[in-house]
Amino acid sequence: MPAQRNRDLPPTWTPAEVEGALYEQWVAAGYFTAEAPSDRPSYSIVIPPPNVTGSLHVGHAFEHSLIDALIRRRRMQGYNTLWLPGMDHASIAVHALVEKQLKAEGTTRRELGREAFVDRVWQWKAEYGGQILDQMRRLGDSVDWTRERFTMDEGLSRAVRTQFKQLYDDGLIYRAERLVNWSPVLRSGLSDAEVDHKEVEGELISMRYGDGDTSIVVATTRVETMLGDTAVAVHPDDERYRHLVGTQITLPLTGRTIPIIADEHVDPEFGTGAVKVTPAHDPNDFEIGQRHGLPMPTIMDEQGRIANTGTEFDGMDRFEARAAVREALRAQDRIVAEKRPYLHSVGHSERSGEPIEPRLSLQWFVKVGPLAKMAGDAVRSGEVAISPPEMAKRYFDWVDNLHDWCISRQLWWGHRIPVWYGPDGEMVCLGPDEQPPAGWRQDEDVLDTWFSSGLWPFSTMGWPERTADLATFYPTSVLVTGYDILFFWVIRMMMFGLYAMDGVPPFHTIVLHGMVRDGNGKKMSKSAGNSVDPQEWLDRYGADALRFTLLRGANPGADVPISEEWVDGSRRFGTKLWNATRFALSNGATVDSPVPDDLTDADHWILDRTDQLVSEVDTAFDEFEYARLAEALYHFTWDEFCDWYVELAKVQLAEGGARADATRAVLGRVLETVLRLLHPLMPFVTERLWTTLTGQKTLVIAPWAAVSGRPADPAATERIEAVRKLVTEIRRFRSDQGLPPGRKVPAELTGADLAGHEAAVRALTRLDEPADGFAPTAALDVALPAGPVTVRLDISGVIDVAAERKRLAKDLAAAEKELAQCEAKLGNPNFVGKAPADVVAKITGRRDAARVEIDRITAQLAALPAS
RNA sequence: GGGCGCAUAGCUCAGCGGAAGAGCACCGGCCUUACAAGCCGGGGGUCGUAGGUUCGAACCCUACUGCGCCCACCA
């Protein structure tokens with residue numbers, strides 16, 4: 001006796017019901033837990049959580065869907081998998097908690113003061129670590145979170161310090177003065193990402209330095225910086241200034257003299273061809289200053305006030321000073337020209353809004369040369385593949401031109417730089433288990449978030465300890481992430497992985513997906529009001545529908561547009577599956593017994609197509625072609641299985657006996673296979689349907705679908721294609737003649753042998769057997785490979801001659817166009833001579849078919865009564 | 001300024017050397033017992049422009065035009 005099973009499905013369903021119950025079940029069963037290694041090769045993915053429901057925004061949902069699909073397929077293939085949450089979630093959670101805490105205390109960072117605030121942040125990190133973990137869990141993952149695996153915990157801290165010290169000891173970390181983006185309001189440096197460039201209307205002031213023969217005119221949008229000038233630069237080939245190079249000139253207002261130097265950087269075409277050089281307050285000037293060994297006086301304090309110039313401007317705010325300096329120069333008659341407004345782009349602090357000020361300060365750097373070379377070579381050698389391959393070009397552009405990486409940040413949170421300073425200016429870098437001498441102070445800067453992110457593939461596995469996880473899951477197989485993050489994250493992981501893990505790269509394949517766009521292909525942004533909270537769609541359409549939509553749009557490397565109606569379309573697909581399964585169940589579809597040998601053409605055809613589908617899906621998965629596999633599954637399920645096989649199966653089921661039993665077996669087999677193939681893309685609804693259909697416990701760890709090994713039967717497929725063509729032509733005729741699809745019409749089919757498919761054709765086109773007194777009033781011819789078939793129908797009245805003439809005229813035009821095209825090709829001796837023989841044969845065949853078709857239609861038109 | 005990419009049906013996108021495709025939208029007809037969250041039928045594109053290569057180009061090459069992204073810069 002087969003196990004008792006409940007083979008009923010409710011006639012209607014809602015995604016929420018199906019998904020809610022299953023999610024709990026899966027969690028309880030441990031399917032979302034990192035699994036122990038087995039004897040199979042391990043497979044791991046370093047990336048955020050797997051279920052769409054926890055996604056912060058639709059971009060996350062997209063990424064999660066891609067990853068989860070890969071993982072589910074691998075699991076069905078018998079591999080153990082591990083996935084890990086991403087860094088971005090951790091930092092988002094910390095931001096949120098810190099802000100919340102501040103608000104609760106009714107204070108702000110500024111009020112608290114920097115020193116006190118930094119202390120508190122570190123304290124909170126310890127205190128709220130658990131809370132952050134909870135929040136991570138709520139973000140949708142039920143990975144077995146442990147403190148050792150969390151960003152802000154001691155484990156990662158150990159990893160960061162170990163890596164820093166190793167790099168430091170190898171001479172790959174150094175400290176140097178550089179310009180940073182300084183926010184006078186926040187009194188902090190900002191990363192480039194925190195700077196918004198905005199077009200503003202400023203002024204361009206041209207002014208004269210020096211006097212008489214040795215005077216030179218320079219221009220600037222920030223006049224006040226002239227107080228910090230230490231040179232004027234011209235292009236070395238510029239004849240106008242050649243005689244001045246190497247001479248000194250007086251810097252107005254300060255009384256200092258500064259040299260005139262020659263530097264390639266200067267564009268002789270721009271302005272006067274002479275540039276003032278303020279090394280401490282402009283990135284280009286800084287580089288010129290470095291090249292020429294110029295002094296670099298800093299002339300502004302932390303709040304953007306002029307300082308240490310020894311002029312009357314000291315103490316003025318920079319904007320106040322801008323006007324004051326301008327007027328002072330005017331008083332000396334040194335202003336040569338003023339352009340106002342002068343439109344140019346100025347960096348602004350993203351958080352506080354004011355223009356940033358480049359400012360000189362001591363920063364920490366990673367010397368990337370040797371690291372970047374390893375990262376480039378790993379891809380060049382083929383050890384690491386990038387998908388789609390076109391993106392490799394972008395990768396090399398980055399990695400081959402990387403400048404030294406500034407890793408110190410003046411932020412409020414993050415991993416502090418593990419360097420301590422002694423009372424007499426000593427400096428020491430300490431590993432995780434080392435303690436600084438009493439009274440030494442730790443560097444207050446924190447590390448760039450990408451420093452710790454770059455450790456992710458191995459720090460999450462317990463590194464620097466040689467853990468079992470590390471041995472099993474490093475290197476990982478596939479990294480899935482957006483192309484926008486290739487530079488920031490992927491390259492860092494490559495460099496650090498190769499460096500820390502003895503030259504073993506952190507993953508074998510890098511899969512880059514696009515960005516999620518709105519339905520019109522526009523970038524989602526809060527200001528445009530087109531950004532999407534996935535939760536809303538999840539509530540309305542379900543996770544399956546959202547995932548399927550996202551995957552269906554995921555063409556390699558290209559962006560993914562998404563709109564609500566497409567998600568709705570995916571939900572309808574879920575409903576289609578639901579109803580198809582209900583049909584199969586109510587007709588007794590079987591999955592336990594093998595498919596019998598005695599099969600109809602329809603059975604052979606759908607089984608062959610199912611095998612093809614399995615191969616197609618496998619290939620698409622292996623090539624990360626999500627859109628292609630979603631499309632293949634959608635069309636097979638809807639257009640072939642539901643629209644044709646199920647309809648043909650109804651005829652076979654009606655026959656009863658062995659025929660019906662065979663049909664039940666085929667129905668069950670095909671549907672069961674499709675559900676397996678669809679599971680990675682629509683996990684919830686397929687789980688529900690598959691378990692009901694098969695009576696088995698879960699689809700999550702069921703074997704992945706494999707091709708049957710049954711020999712294909714192309715002749716059966718050809719006959720079914722003929723049936724489909726005949727049915728479509730009859731339906732078209734009926735539609736053109738205004739016959740309601742449901743109305744039964746007596747008809748007689750003559751001509752080519754229909755190989756036992758006449759009953760099916762009649763059922764699908766609602767044609768009755770001719771009864772006594774059958775008097776056909778209309779006829780149509782359909783050309784099939786086996787020969788023409790004539791259908792005579794009694795449509796109880798006069799046919800619509802005009803409609804029929806129109807229909808035939810259209811077919812005739814198509815056939816004539818086809819004939820003309822083929823004849824043109826075959827009449828071209830170059831084509832016949834140079835094209836491959838099989839192409840010529842194909843065209844010849846098409847020409848002959850077109851000729852037959854034209855004759856047939858012409859005869860039919862002639863036979864029509866005059867209208 | 002440097003680099004990369006995209007222009008195909010009303011919209012969003014596949015196809016990337018041998019007959020122009022999908023989803024949605026649109027038009028007409030149907031409640032045909034799995035499904036109206038559905039079924040059947042239909043209309044719609046000189047594949048951005050101009051040259052070139054080829055027997056043959058949406059597909060390869062060149063130029064142009066228009067969009068998008070990344071990086072850099074804006075004295």
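Each chain gets a letter, A, B and so on, in the order the sequences are listed, and its residues count up from 1.
- Side-chain atoms of A:Arg846 lie closest to B:A19 of the nucleotides B:U32, B:G41, B:A19.
- The NE2 atom of A:His635 sits 8 Å away from the P atom of B:C24 (whole-angstrom rounding).
- Atom pair A:Asp568:CG and B:C11:P shows a separation of 22 Å (rounding to whole Å applied).
- Only the C1' atoms considered, B:C6 is 38 Å distant from B:C39, to the nearest whole Å.
- Residue contacts shown for A:Asp285 are absent, as no nucleic acid heavy atom lies under 4.0 Å away.
- The nucleotide whose nearest atom lies closest to any side-chain atom of A:Thr728 is, among B:A19, B:G41, B:C30, B:G41.
- For the P atom pair drawn from B:G45 and B:G21, the interatomic distance equals 13 Å after rounding to whole Å.
- If you take CD of A:Glu625 and P of B:G15, they are 7 Å apart, rounded to a whole angstrom.
- Considering only the side chain of A:Glu565, B:C24 comes nearest among B:C24, B:G68, B:G29.
- Atom CG of A:Leu726 is separated from atom P of B:G41 by 13 Å (rounded to the nearest Å).
- B:G17 and B:C71 have their C1' atoms separated by 36 Å, given to the nearest Å.
- You'll find that the side chain of A:Arg582 is closest to B:A34, out of B:G18, B:A34, B:U12.
- A gap of 12 Å separates the P atoms of B:G23 and B:C40, to the nearest Å.
- The pair A:Arg628-A:Glu631 does not meet the salt-bridge criterion, since no charged nitrogen lies less than 4.0 angstrom from a carboxylate oxygen.
- Which of B:G41, B:C24, B:U32 sits closest to the side chain of A:Arg731 comes down to B:G41.
- Heavy atoms of A:Val839 sit under 4.0 angstrom from at least one base atom.
- When heavy atoms are screened at a 4.0 angstrom cut-off, A:Thr221 is found touching the sugar-phosphate backbone but no base atom.
- At a threshold of 4.0 angstrom between heavy atoms, the contacts of A:Trp638 are confined to the sugar-phosphate backbone, with no base atom among them.
- Each of B:A14, B:C39, B:C69 was ranked by its minimum atom distance to the side chain of A:Asp643; first place goes to B:C39.
- The side chain of A:Tyr634 lies closest to B:G23 when the candidates are B:G3, B:C13, B:G23.
- Contacts of A:Gly569 with the nucleic acid, taken as non-hydrogen atoms under 4.0 Å apart, are absent.
- Taking atom C1' in both B:C67 and B:C31, one finds a spacing of 47 Å when rounded to whole Å.
- Residue A:Lys576 is in base contact, counting any heavy-atom pair closer than 4.0 Å across all strands shown.
- At the heavy-atom level, A:Glu390 lies nowhere under 4.0 Å from the strands shown.
- A straight line from CG of A:Leu689 to P of B:A34 spans 17 Å, rounded to a whole angstrom.
- Within the 4.0 angstrom heavy-atom criterion, no nucleotide atom of any strand lies near A:Cys822.
- No N or O donor and acceptor, one from the side chain of A:Lys393 and one from the base of B:C4, sit under 3.5 Å apart.
- Checking B:C69, B:C35, B:C71 against the side-chain heavy atoms of A:Tyr483 singles out B:C69 as nearest.
- Taking each heavy atom of A:Val666 and A:Ile606 in turn, the nearest pair found is CG1-CG2, 3.6 Å.
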_Under 4.0 Å protein heavy-atom contacts per nucleotide of nucleotides 52-60 of chain B, with B for base, S for backbone only and - for none_ = ---B-----
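- Nucleic acid contact class of A:Trp578 (heavy atoms, under 4.0 Å, all strands): none.
- Of the C1' atoms belonging to B:C4 and B:G44, the separation is 35 Å, rounded to the nearest Å.
- Nucleic acid contact for A:Ala558: sugar-phosphate only, since backbone atoms but no base atoms lie under 4.0 Å from a heavy atom of the residue.
- Rounded to whole Å, the distance from CG on A:Asp544 to P on B:A37 is 20 Å.
- In this structure, CH2 of A:Trp566 is placed 9 Å from C1' of B:G23, rounded to the nearest angstrom.
- Checking B:C4, B:U12, B:C71 against the side-chain heavy atoms of A:Pro561 singles out B:U12 as nearest.
- Side-chain proximity of A:Arg571 to B:C39, B:C69, B:A37: nearest is B:A37.
- Nucleotides B:G5 and B:G18 have their P atoms positioned 22 Å apart, rounded to a whole Å.
- In this structure, A:Arg552 forms a cation-pi arrangement with A:Tyr634, its terminal cationic atom sitting closer than 6.0 Å to the ring centre and no more than 45° off the ring axis.
- A:Thr575 comes within 4.0 angstrom of a base, heavy atoms only.
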*Treat a base pair as Watson-Crick or G-U wobble with both distances under 3.5 Å, then lay out RNA chain B in dot-bracket form, 5' to 3', with | for cross-strand pairs.*
((((((((.[[[[.)..(..]]]].(((((.......))))).....[[[[[..)....]]]]])))))))....
*Take A:Lys339 and A:Ser206 through the test side-chain hydrogen bond (donor to acceptor under 3.5 Å, both in side chains) and record every step on the way to the result.*
CA-CA 8 Å; A:Lys339 214 185 263 179; A:Ser206 299; over 6 Å; no
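- Across all strands shown, A:Lys806 has no heavy atoms under 4.0 Å from either base or sugar-phosphate atoms.
- One atom, CG of A:Asp838, and another, C1' of B:G17, lie 14 Å apart when rounded to the nearest Å.
- B:C69 and B:U49 have their P atoms separated by 24 Å, given to the nearest Å.
- Counting any heavy atom pair closer than 4.0 Å across all strands shown, A:Glu564 reaches no nucleic acid atom.
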